[in-house]
Asker: 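Dumping the structure here so I can ask a few things about it.
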Amino acid sequence: EPEVRSTASFELARLVPAHSLEHNTRLLGDGSAAVRKSALQSLAMTQDQRSVAAIERLLDDEDDSVRERAVWSLGSLQSALSADLIAGQLTDPHHLVRGRAAEVLGHLGATQHAEAVGALLIAEDAVVRRYATRAIGLIGDQRFIEILRRLLDDADFQVRDHAETSIRQLEAKRKKLPDGARPAGS
């Protein structure tokens, strides 16, 4: 039963993380999306960098919620390779996967992917704009401050709210720079 396999995945990672890598890696191939998502979460809990390659395979999963969880899991592991793998999901066909990828890159402070995240500020989907708006503030790239100012008039109130927060973050970062220093993206 999928529920039993999901619970076992989580409990094994919680109780015996050192021994859960092999078991949870096998579960990534399970026929149930719920089990694959549980295994992804469990692998992220263990913080075992050896799971990055196994998680990477699920970035192409047929189920969008599994791809979204794979992005989150890679971000949780914070490996050197994670940001590049996650950036590839900024063009995923599903808006929640694209949005989650932007959000995670923001939390990782992935300045090398600021341009790709910034491109999502003008996405048609409000959810994607929300995530991207928040991510740009976390990344701290000053190049996008004018777009963020335009988003203060966005139809979506959460986009407006995140734009305001991100502008404050960027302005605070600019004020903290020593004289003559240039902010990221300038």
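The structure presented is a predicted model; accordingly, all values stated were derived computationally and were not measured. In what follows, residues are counted from 1 in the order of the sequence shown.
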Asker: Measure the CG-CG distance between Leu74 and Leu77 for me, rounded to the nearest 0.5 Å.
Answerer: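 Spacing of CG (Leu74) from CG (Leu77) equals 6.5 Å.
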Asker: Report yes if some heavy atom in the side chain of Glu68 is under 4.5 Å from a heavy atom in the side chain of His94; otherwise report no.
Answerer: no
Asker: Quick one: closest heavy-atom pair of Ile139 and Ala114, and the distance?
Answerer: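 Of all heavy-atom pairs spanning Ile139 and Ala114, the closest is CG2-CB, 3.9 Å.
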Asker: Go through the structure and list residues passing salt bridge (Lys or Arg N to Asp or Glu O under 4.0 Å) with Arg168, not counting sequence neighbours.
Answerer: Glu164
Asker: Of all residues at least two apart in sequence or in a different chain, which pass the side chain to side chain donor-acceptor pair (under 3.5 Å) check with Asp61?
Answerer: Arg36
Asker: So do the side chains of Asn24 and Ser51 get within less than 4.5 Å of each other, counting heavy atoms only?
Answerer: no
Asker: What residues form a side chain to side chain donor-acceptor pair (under 3.5 Å) with Ser65, not counting sequence neighbours?
Answerer: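 Here the qualifying residues are Asp63.
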Asker: Applying side chain to side chain donor-acceptor pair (under 3.5 Å), name anything that partners Asp84, two or more places apart in sequence or on another chain.
Answerer: His113
Asker: Evaluate the side-chain proximity of Leu108 to Ile86: yes if any heavy-atom separation is below 4.5 Å, no if none is.
Answerer: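 Contact flag for Ile86/Leu108 side chains = yes.
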Asker: Would a distance-only check, ignoring hydrogens and angles, find a side-chain to backbone donor-acceptor pair under 3.5 Å from Arg129 to Ala123?
Answerer: yes
Asker: With sequence neighbours left out, what residues match Arg69 under salt bridge (Lys or Arg N to Asp or Glu O under 4.0 Å)?
Answerer: none
Asker: Working to the nearest 0.5 angstrom, can you tell me the gap between Leu138 CG and Ser166 OG?
Answerer: 6.5 Å
Asker: Identify whether Ile55 and Val35 are in the same connected component of the hydrophobic contact network (ILVMFWY, side-chain heavy atoms under 4.5 Å).
Answerer: no
Asker: Name every donor-acceptor pair, under 3.5 Å, that has one atom in a side chain of residues 144-153 and the other anywhere in the protein, sequence neighbours excluded.
Answerer:
unit_1, atom_1, unit_2, atom_2, d
Glu146, OE2, Arg149, NH1, 2.7
Arg149, NH2, Glu171, OE2, 3.1

Asker: Look up atom CZ in Arg160 and atom OG1 in Thr133, then write down how far apart they are to the nearest 0.5 Å.
Answerer: 12.0 Å
Asker: So, for Ala102 and Ala135, which heavy atoms are closest and what is the spacing to 0.1 Å?
Answerer: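 Heavy-atom minimum between the residues: O-CB, 3.0 Å.
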Asker: Please enumerate all residues that pass side-chain contact (heavy atoms from CB on, under 4.5 Å) together with Ser76, with sequence neighbours excluded.
Answerer: Ala44, Gln47, Trp72
Asker: Could you tell me whether the side chain of Leu90 reaches within less than 4.5 Å of the side chain of Val117, counting heavy atoms only?
Answerer: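 Counting from C-beta outward, Val117 and Leu90 do come under 4.5 Å.
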Asker: Sequence neighbours left out, what pairs pass salt bridge (charged side-chain N to carboxylate O under 4.0 Å, His left out) with at least one residue falling in residues 85-99?
Answerer: Arg67-Asp92
Asker: To the nearest 0.5 angstrom, please state how far the CD atom of Glu115 sits from the CG atom of Leu120.
Answerer: 11.5 Å
Asker: Leu21 versus Arg50: any side-chain heavy-atom pair under 4.5 Å?
Answerer: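 Answer yes - side chains close enough.
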Asker: For Arg130, what residues pass the side chain to side chain donor-acceptor pair (under 3.5 Å) criterion, not counting sequence neighbours?
Answerer: Asp156, Gln158
Asker: In Å and rounded to the nearest 0.5 Å, what is the CD1 to NE2 distance from Ile167 to His162?
Answerer: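 One finds 13.0 Å between CD1 of Ile167 and NE2 of His162.
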Asker: Do Arg57 and Thr25 have side chains that approach each other closer than 4.5 Å (heavy atoms only, starting at C-beta)?
Answerer: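 Answer yes - side chains close enough.
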Asker: Looking at residues at least two apart in the chain, or sitting in another chain, which of them share a side-chain contact (heavy atoms from CB on, under 4.5 Å) with Glu56?
Answerer: Leu59, Leu85
Asker: With clusters defined by side-chain heavy atoms of hydrophobic residues (ILVMFWY) lying less than 4.5 Å apart, directly or transitively, does Leu27 cluster with Leu58?
Answerer: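 Leu58 does not cluster with Leu27.
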Asker: Are the side chains of Asp141 and Leu170 in contact, using a 4.5 Å heavy-atom criterion?
Answerer: no
Asker: Running the 4.5 Å side-chain criterion over Ile, Leu, Val, Met, Phe, Trp and Tyr, what cluster does Tyr131 land in, apart from itself?
Answerer: Leu96, Val127
Asker: Rounded to the nearest 0.5 Å, what separates atom CG in Leu105 from atom CD in Gln89?
Answerer: 10.0 Å
